[in-house]
Amino acid sequence: MQQTARNSGNQTSSVKVRDFHLIHTMECGQLFRYRRVGDWYYVHSGDKFFKIRQGESRLEFSGADKDFIRHFFSLDVPMKDVLSEIPLDRHTRRAIRLYYGLRIIRQDPWECLLSYLCSIASNIPKIQRCLDGLARVFGEEVRLDEVKGYSLPESNQIASVGARRAVPLLKGLGLGFRSKYVYEVSQRVDSAYLESLRGLSYPEAKEKLMELPGVGEKVADCVLLFSLDFVGAFPVDRWIDRAIRTFYFKGKKVSPREVQSFVSDYFGRYGGYAQQYLFHYSRTVLGKDFFQGKQ
DNA sequence: TATCAGGGCGATC
DNA sequence: GATCGCCCTGAT
């Protein structure tokens with residue numbers, strides 16, 4: 001309810017942007033807690049609930065300050081430099097041309113972890129349903145304009161419920177076998193712990209995350225890339241796996257391990273950006289049929 | 001009614 | 001270290 005008061009100010013700010021495309025950034029599948037209302041995106045992150053839209057070269061927003069927006073959308077990242085370090089081949093070139101201005105969002109680490117635990121063997125609408133349910137049950141109401149939403153809970157708000165009550169509750173929200181992952185992880189970590197991983201090397205931070213139940217390579221890489229600034233992390237999910245095999249191995253039989261090691265040395269230190277462009281490209285342009293026909 | 005999805009895990013070879 | 005069956009649930 002404090003959030004309601006805090007967010008009730010309706011003044012709009014704006015910031016000039018270049019090499020940034022809001023729609024691509026929002027719709028590429030990295031972020032789940034948003035809703036589109038007209039040309040505005042209403043976005044949840046931590047205790048923020050803000051709205052944002054893009055004009056020609058300006059972002060217009062309210063509910064968050066300029067510094068937050070800059071940081072959240074990685075507007076400080078020099079896109080030209082980043083893209084110049086991605087190896088240009090037929091596929092990356094097309095992906096970048098199509099989705100130029102897509103940036104990696106800096107999510108709240110705990111919410112990002114929660115999101116990608118929910119994403120296991122799932123799909124975007126269902127992930128969003130799970131997260132919204134989680135927010136409604138455990139979180140707090142927030143409001144901006146006439147739009148109402150709920151913030152996601154901190155880990156201790158889930159942990160304090162106790163396993164006996166929490167796990168069935170989570171299953172009731174549709175989390176299924178992910179319920180025990182979410183509950184156990186919420187017992188083991190908090191935001192401060194996740195923040196502390198920034199101080200580690202990429203392999204160390206990844207190893208720490210993978211100690212958590214439900215966190216394998218893919219989920220760990222997502223959390224590292226989308227919330228902890230490890231822009232070299234290259235999450236390999238089903239889509240990217242199919243894309244990499246098709247684009248770079250021409251259907252030759254290779255193990256998951258070989259795919260993983262290929263992407264980590266081919267795409268370089270901004271591999272995460274390459275991943276996101278290729279990911280969005282393979283989903284929206286090529287689609288499922290392309291790969292099914294291929295294999 | 002069976003199968004599969006934007007994985008992880010434990011068992012097995 | 002590679003492969004497989006299972007895990008919940010909703011969609012086809």
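Proteins come first, then strands; the chains are lettered A, B, ... in the order of their sequence lines, and each starts at number 1.
Scanning atom types as modelled, no donor and acceptor separated by under 3.5 angstrom connect the side chain of A/R178 and the base of C/dC7. One can find a donor-acceptor pair under 3.5 Å joining the base of B/dG6 and the side-chain atoms of A/R283.
Here, B/dT3 and C/dG5 have their P atoms 12 Å apart, quoted to the whole Å.
Distance from the side chain of A/P256 is smallest for C/dT3 among the nucleotides C/dT3, B/dG6, C/dG10. Candidate nucleotides C/dG1, B/dG7, B/dG6 were compared by shortest atom distance to the side chain of A/F279, and B/dG6 ranks first. Distance from the side chain of A/R257 is smallest for C/dG1 among the nucleotides B/dG6, C/dG1, B/dG8. Side-chain atoms of A/S255 lie closest to C/dA2 of the nucleotides B/dG6, C/dC8, C/dA2.
Atom CD in A/E217 sits roughly 8 Å away from atom P in B/dG8 (whole-Å rounding). If you take CG of A/D241 and C1' of B/dC4, they are 16 Å apart, rounded to a whole angstrom. One atom, CD1 of A/I120, and another, C1' of B/dA5, lie 13 Å apart when rounded to the nearest Å. The separation between A/F32 atom CZ and B/dG6 atom C1' is 8 Å, rounded to whole Å. As a whole-Å value, the separation of A/L169 CG from C/dC8 C1' is 16 Å. One atom, CG of A/N123, and another, P of B/dC4, lie 16 Å apart when rounded to the nearest Å. As rounded to whole Å, 11 Å separates atom C1' of B/dG7 from atom CE of A/M210. The NZ atom of A/K126 sits 12 Å away from the C1' atom of B/dG6 (whole-angstrom rounding).
For the residue pair A/E27 and A/Y41, a side-chain donor N or O sits within less than 3.5 Å of a side-chain acceptor on the partner. Counted by atom type alone, A/S74 and A/R103 present zero donor-acceptor pairs between their side chains at under 3.5 Å. For A/Y99 and A/T284, the side-chain atoms include at least one donor-acceptor pair closer than 3.5 Å.
Nearest-nucleotide positions on DNA chain B place A/C222 closer to the 5' end than the other of A/C222 and A/L212.
When the side-chain nitrogen and oxygen atoms of A/R238 are compared with OP1 and OP2 of B/dA5, one or more of them lie within a distance under 4.0 Å.
Base pairing of C/dC7 is made with B/dG7, judged by Watson-Crick or G-U wobble geometry with both donor-acceptor distances under 3.5 Å.
Stacking between A/F177 and C/dC7 is shown: the ring centroid lies under 5.5 Å from the centre of the six-membered base ring, and the planes differ by under 30°.
In this structure, A/P235 reaches neither bases nor backbone, as no heavy-atom distance under 4.0 Å exists between it and the strands shown.
A salt bridge does not link A/R58 to A/E60: none of the charged side-chain nitrogens sits closer than 4.0 Å to a carboxylate oxygen. Ion pairing of A/R70 with A/D76 is absent here, as no side-chain N (NZ or NE/NH1/NH2) approaches a carboxylate O to less than 4.0 Å.
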